[in-house]
Amino acid sequence: MEAEIAQLVTTGATTVVGLMATEAWTQLRSRLAGLLGRGRDAEEVSAELEEIRVEVVRADGDAELVGDQAAELRNRLRRLLRQHPEAAAELRSVLAEFSPEPPGPAGVSVHNTFSGGTMNGGILIQSGPVENQWIGRAEG
């Protein structure tokens, strides 16, 4: 269970930092402030989250600076889940709501057909549901 919580904390922090520079941030910030607040003034927590966002935006892609802010969020999320284990379900819900959709429509598979030549030791790397059909000779 501890490994699952550690993964949730890491995923949560990474997702939140990634969303800080998007249009979804305003809505996410209020939901996250409510989650992290737990007995504190939501506006105060929201302001703290906004400070983290400002640092992420200022980092302008500097991985070390962005990593520092992600670490701050990981620490906050870890403390939250230690003090309020029931908050894990709410955090999962928030992450599911705001996580970017994977590219492409769900359930699409790819069909590749290779024909008209000889392939000598070539490499094809592809992920996801894949069906490859070889027509001709393959040498390797």
Side-chain angles (χ1 to χ4, degrees):
M1 185 68 163
E2 186 65 32
E4 182 182 331
I5 295 299
Q7 180 64 39
L8 178 59
V9 165
T10 300
T11 300
T14 302
T15 300
V16 169
V17 167
L19 290 169
M20 285 182 161
T22 70
E23 292 177 14
W25 172 244
T26 303
Q27 292 177 330
L28 175 60
R29 182 183 61 209
S30 64
R31 292 280 308 275
L32 198 57
L35 180 64
L36 289 170
R38 302 271 178 180
R40 291 179 54 205
D41 178 30
E43 287 187 28
E44 180 182 325
V45 177
S46 183
E48 292 169 0
L49 290 170
E50 186 61 22
E51 288 175 21
I52 293 172
R53 186 197 71 82
V54 167
E55 291 300 318
V56 167
V57 171
R58 273 192 201 146
D60 194 32
D62 183 321
E64 184 177 352
L65 295 176
V66 172
D68 290 345
Q69 300 312 310
E72 170 67 24
L73 282 170
R74 277 193 307 274
N75 290 334
R76 286 174 178 239
L77 292 172
R78 191 174 296 114
R79 281 192 303 270
L80 168 72
L81 297 179
R82 282 187 183 143
Q83 294 170 357
H84 304 279
E86 71 281 1
E90 189 177 348
L91 177 58
R92 282 186 192 94
S93 174
V94 169
L95 294 177
E97 181 180 342
F98 289 96
S99 291
E101 292 293 320
V108 171
S109 63
V110 175
H111 175 85
N112 294 315
T113 301
F114 302 91
S115 66
T118 302
M119 184 169 176
N120 295 308
I123 296 174
L124 170 69
I125 300 174
Q126 189 167 341
S127 65
V130 177
E131 178 185 332
N132 291 315
Q133 179 180 2
W134 297 88
I135 300 172
R137 287 189 351 225
E139 297 176 5

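Computed from a predicted structure; not experimentally measured. Atoms considered below: every heavy atom in the structure, side chains included; atoms not considered: hydrogens, waters and symmetry mates.
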Contact check, side chains of E48 and R40, non-hydrogen atoms, under 4.5 Å =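 Yes; the side chains approach each other to less than 4.5 Å.
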Heavy-atom count check: over 12 atoms from other residues, nucleotides or ligands less than 6.0 Å from [X] [atom1]?
X   : atom1 : answer
E90 : CD    : yes
D41 : CG    : yes
E23 : CD    : no

Shortest non-hydrogen contact between [X] and [Y], atoms and distance:
X   : Y   : value
R38 : A87 : NH2-CB, 3.3 Å
T15 : S99 : CG2-OG, 3.9 Å
Q69 : V56 : CB-CG2, 3.6 Å
L49 : W25 : O-CZ2, 3.8 Å
R76 : L36 : O-CD2, 4.0 Å
V17 : A70 : CG2-CA, 3.8 Å

Gap separating the [atom1] atom of [X] from the [atom2] atom of [Y], nearest 0.5 angstrom:
X   : Y   : atom1 : atom2 : result
L95 : L32 : CG    : CG    : 8.5 Å
Q27 : L19 : CD    : CG    : 11.0 Å
R82 : E2  : CZ    : CD    : 6.5 Å
L91 : R31 : CG    : CZ    : 10.0 Å
L73 : R78 : CG    : CZ    : 11.0 Å
E55 : D62 : CD    : CG    : 11.0 Å

Backbone of A89 reached by a side-chain donor or acceptor of S93 within 3.5 Å =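 Such a contact is absent between S93 side chain and A89 backbone.
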